[in-house]
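Note that the structure is predicted; figures quoted are calculated from it, not measured.
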Amino acid sequence: MPRLKELMLFSLVTLSLPAFGQGGNQAVPGALNYVEGTVLLNGQALNSHSVGTAVVAPGQSLQTGMGKAEMLLTPGVFLRLDSKSAVMMVSPSLTHTEVELERGRALVEVDQIHKENDLLIDQRDGGTRLLEPGLYEFDANHNLMRVFQGKAAVYAGTGAQDGDEPVHLPSVEVKGGHQVMVGAQLTKPTGFDRKDAEQSDPLYRWSSLRSQYLGEANLELAQEYAGAGGGFTPGWAWDPYFYGYTWLPGDGLFWNPFGWGFYSPWYIWGGGYIYGRGFGGYRGGYGGYARGGFAGGHMGGGMGGGGHR
């Protein structure tokens with residue numbers, strides 16, 4: 001293997017290592033990060049004590065009754081499972097992460113994605129490759145995929161992956177504010193009312209609240225590491241007070257699709273501006289990145305300074 005590829009893969013592996021561990025366990029694609037109500041792993045009941053220890057292995061299914069669950073994929077990517085739904089892990093590799101939504105619905109929040117990541121969400125007779133940071137909805141009961149923000153490639157048929165190598169089947173590109181039927185035949189994307197979906201969908205509102213909690217946990221850990229001089233391992237980090245994993249970027253400040261910031265300790269340690277905890281209205285730059293900022297960063301009551309890219 002060429003030296004450059006070795007370094008690239010090593011870098012991806014380090015992104016999965018948690019800053020704080022739960023009993024020495026590492027967060028990997030398939031790790032359970034939240035459970036509410038009736039949730040099962042291959043038929044075995046899970047509860048809040050399963051968070052940080054339960055992992056959906058290849059061939060296993062995470063199932064919900066009257067409940068919801070949050071599962072980690074690659075660092076910065078959260079899959080949230082609706083009630084009466086099921087998702088099966090196909091491949092947990094960091095460079096090829098693939099799950100199949102067997103029934104019900106799921107929202108996938110993508111806060112960061114690398115060009116080396118191949119992130120696939122399968123449905124019956126087709127699937128979706130996520131291409132950009134954003135927010136994506138999958139409905140297995142109606143063979144539907146929606147893009148709230150971001151960009152995805154939807155392919156028809158099965159067999160999108162051959163071992164570790166992607167098979168480039170014919171696909172259709174779907175951008176923010178559009179939805180498409182996922183099946184054996186490619187169809188043309190159509191628009192949908194994002195505002196109505198955001199206001200009326202319980203899964204969307206629950207995901208937004210989860211995202212807020214994760215952002216608050218990120219800020220606590222990022223400031224703690226920044227106070228220690230910025231030394232940390234980027235990726236998933238365990239917060240014992242939040243009792244779950246949050247995401248620590250390697251550098252900069254990222255805005256997620258719900259308008260919450262994810263800070264790198266290096267950003268804060270270098271004097272980056274910290275926005276007020278109540279600031280969640282930035283919607284124009286999901287996955288946006290800010291570097292540097294004002295020296296002497298502090299908790300502010302508004303946006304203040306700092307750039308976004």
Side-chain angles (χ1 to χ4, degrees), residues 34 36 64 68-71 73 76-85 87 99 101 103-113 119-123 126-156 171-183 186-216 247 253-262 275 278-290 303 308-309:
Y34 184 77
E36 178 180 303
T64 57
K68 292 181 174 65
E70 181 178 87
M71 183 173 75
L73 296 180
V77 182
F78 306 85
L79 184 149
R80 300 187 177 105
L81 197 61
D82 199 8
S83 299
K84 299 181 180 180
S85 302
V87 63
V99 299
L101 185 63
R103 66 175 182 271
R105 295 194 307 147
L107 269 181
V108 178
E109 174 185 327
V110 181
D111 297 332
Q112 185 179 52
I113 187 169
L119 191 56
L120 294 164
I121 312 296
D122 298 332
Q123 292 170 251
T128 301
R129 178 171 281 110
L130 305 182
L131 304 176
E132 292 182 353
L135 186 66
Y136 305 85
E137 178 188 341
F138 301 88
D139 186 338
N141 296 340
H142 299 93
N143 292 338
L144 187 69
M145 194 282 295
R146 283 179 165 178
V147 180
F148 284 88
Q149 300 174 30
K151 184 171 71 173
V154 175
Y155 57 85
S171 62
V172 60
E173 186 178 279
V174 187
K175 296 183 179 181
H178 290 79
Q179 62 186 16
V180 69
M181 299 298 295
V182 181
L186 292 177
T187 60
K188 184 178 179 180
T190 59
F192 72 96
D193 189 338
R194 282 186 289 189
K195 183 174 292 186
D196 178 69
E198 293 168 3
Q199 294 175 347
S200 62
D201 184 5
L203 177 61
Y204 183 96
R205 296 198 302 272
W206 178 76
S207 296
S208 178
L209 185 60
R210 283 293 305 161
S211 184
Q212 177 182 343
Y213 292 156
L214 290 161
E216 292 172 350
W247 174 54
L253 162 61
F254 290 77
W255 296 109
N256 76 359
F258 296 102
W260 300 101
F262 283 84
Y275 300 97
F279 177 73
Y282 185 73
R283 299 301 302 275
Y286 63 90
Y289 173 78
M303 274 195 68
H308 301 281
R309 185 183 72 185

Item checked: side chain to side chain contact (heavy atoms under 4.5 Å, CB included) between Val77 and Ile113, worked out -> CA-CA 8 Å; Val77 182; Ile113 187 169; 5.5 Å; no
Check: Passes side chain to side chain contact (heavy atoms under 4.5 Å, CB included), Leu214 versus Glu70? Steps please.
Finding: CA-CA 11 Å; Leu214 290 161; Glu70 181 178 87; 3.8 Å; yes
Next item on the list: Applying salt bridge (charged side-chain N to carboxylate O under 4.0 Å, His left out), run through Arg129 and Asp122 and close with a yes or a no.
Entry: CA-CA 9 Å; Arg129 178 171 281 110; Asp122 298 332; over 6 Å; no
Margin query: Could you go through Val99 and Met71, starting from their C-alpha distance and side-chain angles, then the distance that decides it, and tell me whether this counts as side chain to side chain contact (heavy atoms under 4.5 Å, CB included)?
Written below: CA-CA 11 Å; Val99 299; Met71 183 173 75; 4.1 Å; yes
Checklist line | From CA spacing to verdict: side chain to side chain contact (heavy atoms under 4.5 Å, CB included), Asn256, Phe262 | finding: CA-CA 7 Å; Asn256 76 359; Phe262 283 84; 3.5 Å; yes
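Remark: the backbone N or O of Val154 is not paired with any side-chain donor or acceptor of Thr128 at under 3.5 angstrom. At least one donor-acceptor pair under 3.5 Å links the side chain of Ser207 to the backbone N or O of Leu203. Side chain of Thr187 to main chain of Val180: no donor-acceptor pair is present (N/O by atom type, distance under 3.5 Å, no hydrogens or angles). The closest donor-acceptor contact from the side chain of Thr64 to the backbone of Asp82 lies under 3.5 Å. Of the possible polar contacts, one joining the Ser200 side chain to the Asp196 backbone as a donor-acceptor pair under 3.5 Å is found. Judged by distance alone, the side chain of Tyr136 and the main-chain N or O of Lys151 form a donor-acceptor pair under 3.5 Å.
Within the 4.5 Å cutoff, side-chain heavy atoms of Leu101 are placed close to those of Leu81. Counting heavy atoms from C-beta on, the side chains of Val147 and His178 never come closer than 4.5 Å. Inter-residue side-chain proximity for Lys68 and Ser83 is flagged as met; some heavy-atom pair is nearer than 4.5 Å.
Listed by chain and number, the residues in a side chain to side chain donor-acceptor pair (under 3.5 Å) with Glu36 are Tyr34, Trp206 (sequence neighbours excluded). Listed by chain and number, the residues in a salt bridge (Lys or Arg N to Asp or Glu O under 4.0 Å) with Glu109 are Arg80 (sequence neighbours excluded).
The minimum heavy-atom distance between Trp260 and Ser208, with the atom names listed, is NE1-O, 4.1 Å. Minimum heavy-atom separation, Val174 to Pro189: CG2-CG, 4.0 Å. Of all heavy-atom pairs spanning Arg105 and Asp201, the tightest one is NH2-OD1, 2.8 Å. Minimum heavy-atom separation, Pro257 to Leu135: CB-CB, 3.9 Å. Closest heavy-atom contact between Arg205 and Glu198: CG-O, 3.8 Å. When every heavy atom of Ala156 is checked against every heavy atom of Leu186, the shortest pair comes out as N-CD2, 3.6 Å.
Rounding to the nearest 0.5 angstrom, the gap separating the CG atom in Leu119 from the CG atom in Leu131 is 9.5 Å. A distance of 12.0 Å separates CZ in Arg146 from OH in Tyr204, rounded to the nearest 0.5 Å. Taking CD of Gln179 as the reference point, atom CG of Asp193 lies at 10.5 Å (rounded to 0.5 Å). Between the CD1 atom of Ile121 and the CG atom of Leu130 there is a distance of 5.5 Å, given to the nearest 0.5 Å.
Here the two rings, on Phe254 and Trp247, have centers that are under 6.0 Å apart. Here Phe148 and Phe192 bring their ring centres to under 6.0 angstrom of each other. Taking the six-membered ring wherever Trp is involved, the centroid distance between the rings of Trp255 and Tyr275 falls below 6.0 Å.
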Using residues 138-145 as the side-chain source, report each donor-acceptor pair under 3.5 Å to any protein atom, sequence neighbours left out, with the distance given to one decimal.
{"from": "Asp139", "atom 1": "OD1", "to": "Asn141", "atom 2": "N", "distance (Å)": "3.0"}
{"from": "Asp139", "atom 1": "OD1", "to": "His142", "atom 2": "N", "distance (Å)": "3.2"}
{"from": "Asp139", "atom 1": "OD1", "to": "His142", "atom 2": "ND1", "distance (Å)": "3.3"}
{"from": "Asp139", "atom 1": "OD2", "to": "His142", "atom 2": "ND1", "distance (Å)": "3.0"}
{"from": "Asn141", "atom 1": "OD1", "to": "Gly104", "atom 2": "N", "distance (Å)": "3.1"}
{"from": "Asn143", "atom 1": "OD1", "to": "Arg124", "atom 2": "NH2", "distance (Å)": "3.3"}

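By the 4.0 Å N-to-carboxylate-O rule, Glu173 lies close enough to Lys175 to be salt-bridged with it.
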